[in-house]
Amino acid sequence: MGSLDGKVALVTGGSRGIGAAIARKLAAEGADVALTYERAASRAAEVVASIEGLGRKALAIQADSADADALTAAVDQAAEALGGLDVLVNNAGVFPIGTVEDLSLADFDRALAVNVRAVFVATQAAVRHLRTGGRVITIGSTLGERVTGPGMSAYSASKAAVVGMSRAFARDLGPRGITSVVVHPGPTDTDMNPADGPHAASILALSAAGQHATPDDVAATVAHVAGPAGAFITGSTITVDGGVNA
């Protein structure tokens, strides 16, 4: 018996990296899982196949999180196909890098559209389906609380914004028994931030643990919050960073 037996989850941006690990972990705990993806159809299909291999239902839905109509439709489709919704994980994100002199307005606007507005859009759509005891879990970043280098203005602003929004969600949804939490990953070994990448040494110099997290480390925390043990965790942030922000 898993902690999420009989539950239904939706993970935005679930085709790779942290999102894929979250989708698989929630399924391993017993949930049926839908995921959205923007372009990586083949990788999304691999995640679906791995979830189905666990005996759970799975569904991949193409949707650009910057497109509010497409994202809303994806949430509705997931709930209809899988029979409701218990857990929403707002994971989809973009990572624009550029100093204030160099970052384009288009990149800044897309960061806000995907990292902030899409969290609001998906949550607003999900609350029509979330049952009592539901969870809204948003993937933030340690860079939303502490900026450790140049070029992070758009990204850090977007991840700081979702903290305030998630706390407000907790107030709005608490009377319905629905929680809202932000999980802040630190440096995590993904395609976007490989542990052997050119900036790895400078990143690890900040880490108390002396290594990158794995996507599974973040997924384990999300699963904890999504399960019965997370019932009284709301309006808060949880950091999974090996002590980078210590």
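Neither Ile238 nor Leu88 shares a network with the other; the hydrophobic side chains, linked directly or stepwise wherever heavy atoms of I, L, V, M, F, W or Y lie under 4.5 Å apart, form separate groups for each. Placement of Val240 and Ile233 within a single hydrophobic cluster is found when ILVMFWY residues are connected by side-chain heavy-atom separations under 4.5 Å, directly or transitively. Using a 4.5 Å cut-off between side-chain heavy atoms of Ile, Leu, Val, Met, Phe, Trp and Tyr, with links allowed through other members, Val8 and Leu173 fall into the same hydrophobic cluster. In the hydrophobic clustering of ILVMFWY residues, with side-chain heavy atoms under 4.5 Å counting as a link, Val121 and Val163 come out apart. Residues Val89 and Val181 share a single hydrophobic cluster, defined by chaining ILVMFWY side chains whose heavy atoms lie under 4.5 Å apart.
Side chain of Ser180 to backbone of Ser166: a donor-acceptor contact under 3.5 angstrom is found. In this structure, Asp32 contributes its side chain and Arg56 its backbone to no donor-acceptor pair below 3.5 Å. A side-chain donor-acceptor contact under 3.5 Å links Asp5 to the backbone of Gly2. Arg167 places no side-chain N or O within donor-acceptor distance of the main-chain N or O of Ser236, the cut-off being under 3.5 Å. Asp67 places no side-chain N or O within donor-acceptor distance of the main-chain N or O of Asp64, the cut-off being under 3.5 Å. Remark: side-chain polar atoms of Thr221 are not paired, donor with acceptor, to backbone N or O of Ala219 under 3.5 angstrom. Distance alone, capped at 3.5 Å, places no donor-acceptor pair between the Arg16 side chain and the Arg43 backbone. Of the possible donor and acceptor atoms, one in the side chain of Thr12 sits under 3.5 Å from a partner among the backbone N and O of Asn91.
The pair Glu38-Arg110 meets the salt-bridge criterion, since a charged nitrogen lies less than 4.0 angstrom from a carboxylate oxygen. Salt-bridge check for Asp76 with Arg128: passed, with a basic side-chain N closer than 4.0 Å to an acidic carboxylate O.
Taking each heavy atom of Ile97 and Met152 in turn, the nearest pair found is CG1-CE, 4.5 Å.
In this structure the side chain of His129 never reaches within 4.5 angstrom of the side chain of Asp86, judged on heavy atoms. In this structure, Pro96 and Phe108 have side chains that are not in contact, with every pair of non-hydrogen atoms separated by 4.5 Å or more. Thr99 has its side chain out of reach of Leu103: every pair of non-hydrogen atoms, C-beta onward, lies at least 4.5 Å apart. Val87 has its side chain out of reach of Leu10: every pair of non-hydrogen atoms, C-beta onward, lies at least 4.5 Å apart. At a threshold of 4.5 Å between non-hydrogen side-chain atoms, the residues Val116 and Met165 count as touching.
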*Start with the C-alpha distance between Leu130 and Val136, add both sets of side-chain angles, then the distance that settles side chain to side chain contact (heavy atoms under 4.5 Å, CB included), and finish with yes or no.*
CA-CA 9 Å; Leu130 283 169; Val136 177; 3.8 Å; yes
_Stepwise side chain to side chain contact (heavy atoms under 4.5 Å, CB included) test for His212 and Leu204_ = CA-CA 7 Å; His212 283 62; Leu204 292 182; 3.4 Å; yes
*asked:* With side chain to side chain contact (heavy atoms under 4.5 Å, CB included) as the criterion, how do Ile178 and Thr132 come out once you've worked through the C-alpha distance, each side chain's angles and the decisive distance to 0.1 Å?
replied: CA-CA 6 Å; Ile178 297 170; Thr132 300; over 6 Å; no
*Take Val162 and Asn115 through the test side chain to side chain contact (heavy atoms under 4.5 Å, CB included) and record every step on the way to the result.*
CA-CA 8 Å; Val162 298; Asn115 295 358; 5.6 Å; no
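Remark: Lys25 pairs with Glu29 by the salt bridge (charged side-chain N to carboxylate O under 4.0 Å, His left out) rule, at least two apart or across chains. Listed by chain and residue number, Thr142, Glu145, His184, Asp241 satisfy the side chain to side chain contact (heavy atoms under 4.5 Å, CB included) test with Thr239 (two or more places apart in sequence, or in another chain).
Asp69 and Thr72 share no side-chain donor-acceptor pair at under 3.5 Å.
Taking a 6.0 Å sphere around CD of Gln62, one finds it holds more than 12 heavy atoms contributed by other residues, nucleotides or ligands.
Exactly one residue among Val182, Ile139, Val119 makes a side-chain contact (heavy atoms from CB on, under 4.5 Å) with Asn90. That residue is Val119. Considering Val11, Leu59, Ile22 as possible partners of Val33, the one that fulfils the side-chain contact (heavy atoms from CB on, under 4.5 Å) test is Val11.
Relative ring orientation between Phe169 and Phe120 is described as tilted, the plane-to-plane angle lying within the 30° to 60° band.
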